[in-house]
Protein chains: 2
Amino acid sequence: MATISDVARVAGVSVSTVSYAINGSRPISEATRLRVFAAMDALSYQPHAMARGLASKRSRILGLHFPMEDRGLGFTELEFVVGAADTAFAGGYHLILSPLMSEQPRELLQLTQQGLVDGVILMEVLQDDPRVEALRALRFPFAMIGRCADNRGIDYVDTDFESTMSDAVCYLAALGHTSLAYITQSHQTFDSGYGPVVRTCATFTQTLLQHDIAGAIYFCGASAADGNAILRTIFEEQPAVTALLAMNDRALVGIVQGLDDLGYSLPADISLVTLVSSMRIGELFRPPVTTFAVPSSEMARLGVELLIDRLENPAHPIRQLLIPCTMVDQGSAAAPAHMHVVRV
Amino acid sequence: MATISDVARVAGVSVSTVSYAINGSRPISEATRLRVFAAMDALSYQPHAMARGLASKRSRILGLHFPMEDRGLGFTELEFVVGAADTAFAGGYHLILSPLMSEQPRELLQLTQQGLVDGVILMEVLQDDPRVEALRALRFPFAMIGRCADNRGIDYVDTDFESTMSDAVCYLAALGHTSLAYITQSHQTFDSGYGPVVRTCATFTQTLLQHDIAGAIYFCGASAADGNAILRTIFEEQPAVTALLAMNDRALVGIVQGLDDLGYSLPADISLVTLVSSMRIGELFRPPVTTFAVPSSEMARLGVELLIDRLENPAHPIRQLLIPCTMVDQGSAAAPAHMHVVRV
DNA sequence: GTGAAAGCGCTAACAC
DNA sequence: GTGTTAGCGCTTTCAC
């Protein structure tokens with residue numbers, strides 16, 4: 001509970017000298033510096049965060065805006081949150097969580113206008129995100145984990161969905177598959193402009209054309225039951241399918257189980273890969289599922305670093321980073337059987 | 001960026017009147033109150049968090065202390081974090097995350113002594129937790145999600161491990177099982193005094209005695225491989241075993257897979273239940289695993305409410321809440337086969 | 001290289 | 001029921 005003036009008194013210097021000694025914002029003679037630090041830990045002094053924030057107009061707190069939706073919670077999200085908090089801490093910042101249920105920018109504005117946070121990190125960014133407009137209008141510092149349709153002037157780090165999807169299709173094509181099904185998230189998610197879905201769908205279609213192979217996109221809800229159900233649709237509409245790509249962790253269970261129920265075994269009868277999943281999701285299954293794993297912690301770290309850098313060096317050029325997923329081969333994909341038995 | 005004096009000027013009242021109108025800490029005539037609020041949203045005024053914090057000595061920020069260990073990340077943890085943030089927000093507080101890698105109280109002290117947080121919520125509490133000593137010595141407000149050996153004077157909410165374990169054993173005993181194996185976490189975890197492990201082990205042993213049935217405890221690391229490996233040990237040491245209880249989400253995959261590899265099918269050849277897991281973990285498996293599910297969000301909510309209540313009503317009596325897990329029957333446990341074939 | 005002092009925007013006595 | 005004002009603990013300009 002010691003204050004800066006206690007320290008000043010004990011060290012026999014003025015308050016401002018103590019302040020400068022702490023912040024290094026102006027030269028201090030070695031002798032005084034030592035006396036000041038000695039006084040500081042004699043009193044076990046801790047600068048008062050609120051006072052400092054009020055005077056300096058910088059709270060050294062970052063906000064993590066985290067809209068929770070029915071996409072729900074997975075391993076990836078926690079890795080993000082923890083990674084972000086760690087990185088913030090390492091950079092001398094604290095992280096506050098805004099797990100607001102809506103993408104409405106209202107509460108976000110409240111947060112920023114209260115002077116509580118110096119900057120905001122946006123997660124689960126939509127192609128056309130109201131939060132972005134709001135923050136831009138306020139000229140409030142922010143960075144995104146994810147990206148919009150128009151990202152001009154915005155620092156972000158995102159999964160490189162395009163290269164990941166392209167890698168995945170190429171991988172399956174190279175194995176000899178010529179009829180793919182891409183199981184993505186719900187139609188509503190697509191319609192809402194959620195980048196990961198929009199981008200992967202686009203790239204899927206393009207890459208099919210490039211390789212001149214067949215394929216179709218299947219929208220699928222976020223439950224095991226939905227995953228299970230989508231299989232019947234796929235096998236009806238596309239009986240020649242030999243490989244499945246999924247980017248829907250919640251449905252994956254249902255897909256794996258459904259395949260087993262239908263008597264398909266991986267990878268002998270059909271191939272399956274999961275995209276943009278946690279490194280850990282694939283190994284939950286039997287057999288484990290080959291995963292294009294999203295580097296969540298690294299993205300969180302980069303997102304926070306981007307924001308801190310922007311706050312401390314406003315003039316730095318904008319940085320926009322795309323991180324591809326790395327494939328973890330778990331053996332659930334292989335060359336297609338020459339004779340694929342079609343079932344009803 | 002309007003300040004309280006802008007509001008006062010526009011409303012034609014003094015700053016203190018505005019302050020009191022906002023905080024309701026003293027009676028204001030309806031007419032003035034209206035004028036003040038009109039001025040506030042004409043200027044879209046937001047009180048400055050730091051200034052308010054400095055003057056009132058209350059930041060309205062809560063710290064969530066979250067030591068991350070090799071027990072690692074699961075669904076449960078994120079549910080806690082999000083639940084806590086939500087509840088804090090609903091109560092007019094913000095939540096900052098301290099995902100510190102150590103249980104060392106040092107950084108925790110820093111956090112508390114900087115006046116950044118009004119109180120702290122401790123997660124992953126050890127039986128004899130150094131953070132508790134530290135916080136107590138400082139007379140710093142805190143609540144726990146979890147509990148220690150000595151909880152005198154501390155508000156906490158915890159899983160009722162005792163009743164959960166007892167319920168689970170009774171459930172299996174009622175099905176007719178007479179030889180149980182409890183697969184818990186690592187021996188180090190036990191030795192470190194981690195409550196969930198310590199308590200469930202104790203209750204397991206007691207409940208066996210009460211029911212006069214056989215059983216043993218198996219320590220198991222936090223990986224699928226460990227889960228897989230422990231099965232061989234179990235079947236060697238306890239060939240008559242007919243039911244498994246697990247409280248180790250990371251190893252569960254390995255257990256389920258290992259059982260399948262060994263040719264056991266659930267629940268025909270052996271029964272399996274998982275304890276204190278996320279509601280969602282059990283359904284990841286095939287067949288799904290009967291789960292004694294921990295109400296993570298509810299516990300997080302209660303933990304935060306306990307702390308907020310303590311802050312706002314320091315005189316309230318201490319509250320210590322135990323929440324039992326609720327069983328979600330997924331069919332992985334059944335009566336034992338009359339003839340259990342022992343395998344090598 | 002160091003000190004004095006004016007705020008930062010708010011709360012909470014203390015006055016009336 | 002309302003106004004005045006002295007801080008809260010720090011940063012930072014200005015002066016020396």
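Here is how names work: the chains are called A, B, and so on, in the same order as the sequence lines, proteins then strands, and each is numbered from 1.
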Nearest whole Å is fine: how far is C:dT11 P from B:Ile4 CD1? 5 Å
Of the non-hydrogen atoms in A:Ile323 and A:Glu298, which two are nearest, and what is the gap between them? CG2-OE1, 4.2 Å
Between B:Glu30 and B:Ala51, which is nearer to the 5' end of DNA chain D once each is assigned its nearest nucleotide? B:Glu30
Using a heavy-atom cut-off of under 4.0 Å over every strand shown, decide if A:Ser56 touches base, sugar-phosphate, or nothing. sugar-phosphate
At 4.0 Å (heavy atoms only), tell me whether A:Ser25 reaches a base, stays on the sugar-phosphate, or touches nothing. nothing
Checking only heavy atoms, does the side chain of A:Arg26 share a donor-acceptor pair with the base of C:dT2 at less than 3.5 Å? yes
Distance, rounded to the nearest Å, where B:Tyr45 contributes OH and C:dG9 contributes C1': 7 Å
Tell me which nucleotide among C:dT11, D:dG3, D:dT12 gets nearest to the side chain of B:Ser14. D:dG3
A:Val36 and A:Ala11 have their tightest heavy-atom pair at CA-CB, 3.9 Å
Touch check for B:Ser29, heavy atoms < 4.0 angstrom, all strands: base, sugar-phosphate only, or nothing? sugar-phosphate
For B:Arg60 and C:dG9, give me the distance from atom CZ to atom P, rounded to whole Å. 21 Å
Below 4.0 angstrom from OP1 or OP2 of C:dG9, is there any side-chain N or O of B:Arg52? no
Quick one: is A:Ser16 getting a side-chain N or O under 4.0 Å of the C:dG3 phosphate, OP1 or OP2? no
Any donor-acceptor pair under 3.5 Å linking the side-chain atoms of A:Ser29 with those of A:Thr32? yes
When the distance from CE of B:Met50 to C1' of D:dG7 is rounded to whole Å, what number comes out? 19 Å
Donor-acceptor side-chain pairing of A:Thr189 and A:Ser192 below 3.5 angstrom: no
Output the rounded distance in Å from NE2 (A:His48) to C1' (D:dT11). 14 Å
When you check the phosphate oxygens OP1 and OP2 of C:dA13, does a side-chain N or O of B:Tyr20 lie under 4.0 Å from one of them? no
Measure CG/B:Asp118 against P/C:dT11 and give the value in whole Å, please. 14 Å
Chi angles and distances behind the salt bridge (charged side-chain N to carboxylate O under 4.0 Å, His left out) call for B:Lys57, B:Asp118: CA-CA 9 Å; B:Lys57 304 189 166 311; B:Asp118 291 340; over 6 Å; no
Residue A:Ala55, side-chain heavy atoms: nucleotide from C:dT2, C:dG7, C:dG9 that is nearest: C:dG7
Presence of A:Lys57 side-chain N/O under 4.0 Å of C:dG9 phosphate oxygens OP1/OP2: yes
Please report the distance, rounded to the nearest Å, between CG in A:Leu54 and C1' in C:dT11. 12 Å
In whole Å, I'd like the distance from the CD1 atom of A:Ile22 to the P atom of C:dT2. 15 Å
